[in-house]
Amino acid sequence: MGRVYNFSAGPAVLPEEVLRQAAAEMLDYDGTGMSVMEMSHRSKPFAGIIETAEADLRELLQIPENYQVLFLQGGATQQFAAIPMNLMRNKVADYIVSGSWSKKAFKEAKLYGDARCVASSEDENFSYVPDVDAIEFSPDADYVYICQNETIYGTRYPKLPDTGDVPLVTDVSSMFLSEPMDVSKFGIVYGGVQKNIGPAGVTIVIVRDDLVREDVLPFTPSIMRYTTQVKAKSLSNTPPAYGIYVCGLVFKWLKEQGGLTAMKAKNEEKAAILYDYLDQSALFKATARKSDRSIMNVPFVTGSDELDALFVAEAKSHNIESIKGHRSVGGMRASIYNAMPKAGVEALVAYMAEFEKAHA
Ligand SMILES: *Cc1c(COP(=O)(O)O)cnc(C)c1O
């Protein structure tokens, strides 16, 4: 059986070249006579893997010297707790709630201090991003938190909030490495890799040096302290070694593709094919506000639950997988990450046009 066009939101499609290379190296990594899966995380070959991965990531994102790069476990969700535990010195933090993920992060932070929701778009089912210029941030906040691309509702920030000296923390799980970003604008940039980078199990945290401090909330488990992980270079305990290796292969692949500027152009082109079709369609409609649309996750509906269900059911016969929308939005969602080829988006649009004709 051949490969399908996999529109899953995560775990998600990976570059075929990367999967082939991982397969080729499965039994014998670089003449070691063993798989990366079988290798000590303290061994020389693994040190090479994680150091090269970090160097390539730094190059791709142009990460400044005063930021640490951590490869952790626990998912983005563990960071919902780790961030307040490590950063809440005044025990105050501002959250912009623009979807399920930032809402979950906000709820978690409330366990540890005075987390404040300073803006929300829940009034319109998170179909837009709150106007960041209209927000009054707390002067005593330890940080301001955003989820820059909301995977479920398909929105992304058209503009970042200006938080002055207050560190801005961003969850970029579903847009990680989809385009260049200015890391120096943030205190922390983090995300789970299973959306746009690699296999589930690795969380990348990029944290500015001044936020790696000993004076964390006293009950913070040592494994969740950034100081612990920075000192141990992510090897405080056994890291998600195989996942880090695959991330490293993806970083090399991204460099071969021309880096993040080239990825951005490709991603914008793919997103335009889909949105252009949606905007002229008499049947399908994109659900996110036009100015705030994600170029990674594209939710859309027909307006009829029956037709949505039929579209999802018949997708399989068009080689299209995991196109069903999240239950909180309904309808469909196409996640068109870095590794989704343009041909996949074209195949989706061709199927949509055929479906629209049949059900006009
Ligand atoms: C998937 C997702 C998460 C949760 O990630 P886990 O690794 O499953 O904890 C958090 N934030 C965003 C934006 C996501 O897309």
Side-chain angles (χ1 to χ4, degrees), residues 6-14 70-85 93 95-109 111 115 120-122 125-130 143-157 160 168-179 181 186 188-207 223-224 229 234 239-240 242-244 246-247 250 267 287-288 292-299 322 324-329 333-340:
N6 174 12
F7 290 91
S8 170
V13 58
L14 286 169
L70 303 173
F71 295 96
L72 306 178
Q73 308 204 42
T77 306
Q78 187 172 91
Q79 294 304 310
F80 294 172
I83 288 160
M85 284 180 179
Y95 279 71
I96 303 179
V97 175
S98 62
S100 308
W101 295 117
S102 40
K103 190 176 174 182
K104 278 193 179 160
F106 167 59
K107 276 193 176 159
E108 183 69 20
L111 297 174
S120 165
S121 53
E122 194 163 14
N125 199 31
F126 297 126
S127 58
Y128 69 100
V129 175
Y143 61 93
V144 173
Y145 183 100
I146 62 170
C147 173
Q148 216 167 322
N149 186 87
E150 277 280 359
T151 323
I152 293 174
Y153 302 90
T155 64
R156 76 157 199 184
Y157 279 65
L160 290 172
L168 182 59
V169 173
T170 185
D171 173 359
V172 294
S173 295
S174 47
M175 62 178 286
F176 227 159
L177 306 183
S178 64
E179 59 181 38
M181 75 185 292
F186 301 91
I188 293 179
V189 174
Y190 84 98
V193 304
Q194 73 274 24
K195 307 288 162 64
N196 201 28
I197 301 180
V202 183
T203 313
I204 296 176
V205 177
I206 303 165
V207 53
I223 190 75
M224 284 168 69
Q229 297 292 359
S234 308
Y242 193 78
I244 293 169
V246 178
C247 290
V250 172
N267 288 327
T287 54
D292 304 344
R293 284 173 171 174
S294 166
I295 60 167
M296 295 278 98
N297 311 100
V298 183
S322 303
K324 194 174 192 298
H326 192 272
R327 60 191 181 281
S328 52
V329 187
R333 170 177 50 177
S335 294
I336 48 176
Y337 297 123
N338 284 342
M340 172 59 66

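In each ligand, atom 1 is the first atom listed, and ligand 1 is the first ligand listed. These numbers were taken from a predicted model, which means no experiment stands behind them.
- Between the side chains of Y337 and N297, at least one donor-acceptor pair of N or O atoms lies under 3.5 Å.
- At a threshold of 4.5 Å between non-hydrogen side-chain atoms, the residues Y157 and C147 do not count as touching.
- Contact analysis leaves E150 out of contact with ligand 1, as no non-hydrogen atom separation drops below 4.0 angstrom.
- The distance from the CE atom of M340 to the CZ atom of F7 is 4.0 Å, given to the nearest 0.5 Å.
- Using bins of under 30°, 30° to 60° and over 60° for the plane-to-plane angle, the ring pair F80/Y190 lands in the perpendicular bin.
- When only non-hydrogen protein atoms are considered, atom 4 (C) of ligand 1 lies nearest to W101 CZ3, 3.4 Å.
- When hydrogens are left out, the protein atom nearest atom 8 (O) of ligand 1 is Q194 NE2, 3.5 Å; that is the closest non-hydrogen contact.
- With a 4.0 Å cut-off on non-hydrogen atoms, Q78 does not touch ligand 1 at all.
- Counting the atoms of ligand 1 from 1 in the order shown, those under 4.0 Å from a heavy atom of T151 are 12 (C), 13 (C), 14 (C), 15 (O).
- Of the protein's heavy atoms, D171 OD2, 2.6 Å lies nearest to atom 11 (N) of ligand 1.
- Scanning all protein heavy atoms for the shortest distance to atom 5 (O) of ligand 1 gives A76 CB, 3.5 Å.
- Residue contacts with ligand 1, taken as heavy atom pairs separated by less than 4.0 Å, do not involve K104 at all.
- The backbone N or O of S178 sits less than 3.5 Å from a side-chain atom of N267, completing a donor-acceptor pair.
- Within the structure, the closest approach of C147 to ligand 1 falls below 4.0 Å when heavy atoms are considered.
- Proximity of T77 to ligand 1, defined as any heavy-atom pair under 4.0 Å, is shared by backbone and side chain alike.
- For atom 1 (C) of ligand 1, the closest heavy atom belonging to the protein is K195 NZ, 1.5 Å.
- Without hydrogens or angle criteria, R333 side chain to T151 main chain gives a donor-acceptor distance under 3.5 Å.
- Neither side chain, N125 nor S127, offers a donor N or O lying under 3.5 Å from an acceptor on the other.
- Ring pair Y95/F106 is tilted by interplanar angle, where 30° to 60° counts as tilted.
- Contacts with ligand 1 closer than 4.0 Å are made by side-chain heavy atoms of S173 only, the backbone lying farther away.
- Here is the list of ligand 1 atoms found below 4.0 Å of a heavy atom in G75: 7 (O), 9 (O).
- Residue S120 holds its OG atom at 7.5 Å from NZ of K103, rounded to the nearest 0.5 Å.
- Contacts with ligand 1 closer than 4.0 Å are made by no heavy atom of A9, backbone or side chain.
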